[in-house]
There are 2 protein chains.
Amino acid sequence: MPSTWAIRRAEPSNGLAHPLIRKLSNYTTLSDEERKAVFQAADKATDFKAGDDIVARGDLTGGVRLVLDGFACRYKILEDGRRQILGYLIPGDMCDLHVFLLKRMDHSIAAMTRTKVAIISQANILAFTDRYPNFTRALWWSTLLDEAVTREWVVNLGQRTAYERMAHLFCELYYRLAAIGEVRDGSYLLPLTQTTLGDTLGLSTVHVNRTLQDLRAHSLISFKGGIMTVHDLPALEIAGFFSADYLHLGDRLAPGTTGTHRPNSELQVKR
Amino acid sequence: MPSTWAIRRAEPSNGLAHPLIRKLSNYTTLSDEERKAVFQAADKATDFKAGDDIVARGDLTGGVRLVLDGFACRYKILEDGRRQILGYLIPGDMCDLHVFLLKRMDHSIAAMTRTKVAIISQANILAFTDRYPNFTRALWWSTLLDEAVTREWVVNLGQRTAYERMAHLFCELYYRLAAIGEVRDGSYLLPLTQTTLGDTLGLSTVHVNRTLQDLRAHSLISFKGGIMTVHDLPALEIAGFFSADYLHLGDRLAPGTTGTHRPNSELQVKR
DNA sequence: CGACTATTTGATAGGACTCAACCTCCGTGG
DNA sequence: CCACGGAGGTTGAGTCCTATCAAATAGTCG
């Protein structure tokens with residue numbers, strides 16, 4: 001990874017916030033007691049290096065893994081080797097809140113860069129959900145968010161052309177990363193190869209390459225060395241039929257806000 | 001709808017069970033108090049006729065809608081009219097457990113046949129989740145199940161050919177309907193037109209038609225007049241790279257069970 | 001029996017895939 | 001300091017899967 005870039009290391013908007021608390025605060029205000037519980041339960045972190053599986057299919061989930069820093073993906077592999085990526089995880093996202101039901105993981109999660117992960121024990125989660133209804137609902141909310149994103153991926157794969165799909169994906173990542181302060185000047189780190197992009201969008205590597213050239217030719221983006229730069233977000237949104245509402249970024253805003261939510265203006269792309 | 005068929009009307013395995021309770025019992029045992037609360041909260045039902053929207057995109061969700069009987073689908077429409085179906089709802093499924101977060105629905109739900117829906121008020125849901133942690137986790141579990149299915153749809157659309165996709169979908173519906181006793185002699189009601197199937201699988205109507213013919217030519221299924229008959233489930237599963245594990249039908253079974261779960265043997269296809 | 005809607009069929013076009021090279025960038029090691 | 005090797009990116013050519021267009025054939029319902 002080029003060390004000249006340090007987007008990811010930039011100071012967070014709130015230096016003290018735990019990624020999970022920051023995320024859940026999009027839904028509700030956690031009590032001091034709840035915050036403290038989170039800090040206590042999710043203090044010890046494990047590092048995974050790029051390529052490692054954080055959770056593997058078939059694992060008996062024994063606790064909740066929480067991404068503190070880095071970039072990971074959910075994926076599934078068919079018997080004949082085809083791979084489909086199911087979603088990307090960024091700081092604040094939980095890997096397997098499936099603890100309760102999914103005794104076994106039905107898919108895997110891999111780190112795409114060095115990724116820091118905290119593990120909250122099953123006992124702690126059960127205790128939380130017994131004790132803090134508000135916190136429980138907040139966790140639940142976060143799984144609903146994941147589902148909303150997954151649903152949009154279904155639309156993406158089912159209805160959109162390669163060009164639209166790719167534009168849509170880049171918009172989604174833009175908004176999600178902007179919401180956690182990881183977009184600077186219209187750029188964000190995207191540690192994916194074209195092959196990985198293909199497994200994400202259901203396209204061959206060759207076609208990913210050509211579609212990417214298309215997007216560049218239209219001056220919408222640049223993508224090189226793991227750095228994604230969006231030159232014209234509005235145009236990219238149009239190209240991808242993107243509407244940020246499914247990300248529910250502003251659900252907690254005061255009523256009266258319009259349906260389309262936008263990240264902080266300072267994170268918006270200029271010119 | 002042909003009245004000569006009455007699969008759906010056949011007596012349930014437990015005449016007294018509320019569809020929701022039956023479903024949640026796959027995860028946990030609800031206390032008598034919890035059961036009673038469900039019955040009280042979800043007694044009044046509304047009927048929707050085929051084609052009606054049960055919930056529309058943009059709706060402020062005011063309570064949880066629960067399918068008691070019938071067949072419905074989630075869907076999303078792009079600005080240019082393309083439609084993608086995101087999943088099917090059968091008795092016991094909840095439409096919008098998004099109440100908490102998704103102040104607004106980001107997609108719609110339509111009835112595909114006459115569908116009976118119960119509405120649990122938001123107040124009741126909040127009260128439940130405050131009072132019954134076990135019940136709350138069970139509801140949460142059901143949303144995780146939905147998500148697992150949606151993830152598999154991503155794989156389906158991203159990686160599988162038209163033929164495989166269709167085989168996979170028919171397997172999924174077979175298992176899900178078998179689990180609630182709505183498969184008889186390898187047949188189940190599937191009130192979809194070929195156009196709808198196309199919107200589900202990301203295929204044109206014409207290609208759906210031809211793929212269907214393929215499946216028939218291979219003696220895997222028949223599909224006519226809204227009745228789906230699976231002639232050779234194992235072969236259909238192989239054709240669709242289907243593995244039922246993602247449906248988590250047997251997660252509550254005693255340990256030692258193999259990873260692949262099967263519906264009641266009496267519901268299995270013969271010959 | 002019309003008026004629809006749904007299913008089929010035929011013919012053609014095009015988006016995306018496959019195969020096969022070739023190029024580029026980097027890290028390693030002699 | 002340059003050769004080598006490998007991973008990732010780019011190109012070209014040919015093919016196939018699936019879409020589109022168009023029209024004919026069922027099936028349904030008042």
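Source: prediction; values computed, not measured. The chains referred to below are lettered A, B, ... by the order of the sequence lines, with proteins before strands, and numbering in each begins at 1.
The overall bend of the helix from C/dC1-D/dG30 to C/dA21-D/dT10, read as the angle between its terminal helix axes built from five base pairs each, is 40° when rounded to 10 degrees.
Ion pairing between A/R114 and A/D47 holds under the 4.0 Å rule for side-chain N and carboxylate O.
Atom CG of B/L203 and atom P of D/dT20 are 11 Å apart (whole Å). Distance B/N209 CG to C/dG10 P: 11 Å, rounded to the nearest Å. Straight-line distance from the CG atom of A/D214 to the C1' atom of D/dT11: 15 Å, rounded to whole Å. Between the CE atom of A/M112 and the P atom of D/dG8 there is a distance of 11 Å, given to the nearest Å. Separating the CZ atom of A/R165 from the P atom of C/dG15 is a distance of 13 Å, rounded to the nearest angstrom. For B/H207 and C/dA16, the NE2 to C1' distance is 14 Å, given to the nearest whole Å. Look at CD on A/Q159: it is 12 Å from C1' on D/dA19, rounded to the nearest Å. Whole-Å rounding puts the A/L197 CG to D/dT10 P distance at 12 Å.
In the set C/dC19, C/dC17, D/dT20, the nucleotide with an atom closest to the side chain of B/S204 is D/dT20. Candidate nucleotides C/dC19, C/dC17, D/dA22 were compared by shortest atom distance to the side chain of B/V206, and D/dA22 ranks first. Residue A/A162 has its side chain nearest to C/dA16 when only C/dA16, D/dG27, D/dT20 are considered.
Under the 6.0 Å cut-off for aromatic ring centres, B/Y175 and B/F242 qualify, their centroids lying closer than that.
Side chain A/R210 to base C/dG15: no donor-acceptor pair is found below 3.5 Å.
With a 4.5 Å cut-off on side-chain heavy atoms, B/F48 and B/D53 do not count as touching. With contacts defined as side-chain heavy-atom distances shorter than 4.5 Å, the pair B/P91/B/L68 does not qualify.
The side chain of A/Q194 contributes no N or O atom lying less than 4.0 Å from OP1 or OP2 of D/dA7. Here A/Q213 does not reach the OP1 or OP2 of D/dG9: none of its side-chain N or O atoms lies under 4.0 Å away.
Across all strands shown, B/G226 has no heavy atoms under 4.0 Å from either base or sugar-phosphate atoms. Looking at heavy-atom distances under 4.0 Å, A/T205 makes no contact with the nucleic acid at all. A/R216 comes within 4.0 angstrom of sugar-phosphate atoms only, judged by non-hydrogen atoms across all strands, and of no base. Using a 4.0 Å heavy-atom cutoff across all strands shown, A/L212 reaches no nucleic acid atom at all.
Between A/Y174 and A/Y188, the ring planes are perpendicular. Angles over 60° get that label, and only those under 30° would be called parallel.
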Side chain to side chain contact (heavy atoms under 4.5 Å, CB included) evaluation trace for B/Y75 with B/H107: CA-CA 6 Å; B/Y75 69 94; B/H107 63 279; over 6 Å; no
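Remark: B/L169 CG to B/T200 OG1 distance equals 6.5 Å, nearest 0.5 Å. Interatomic distance, A/S204 OG to A/D199 CG, rounded to the nearest 0.5 Å: 10.5 Å.
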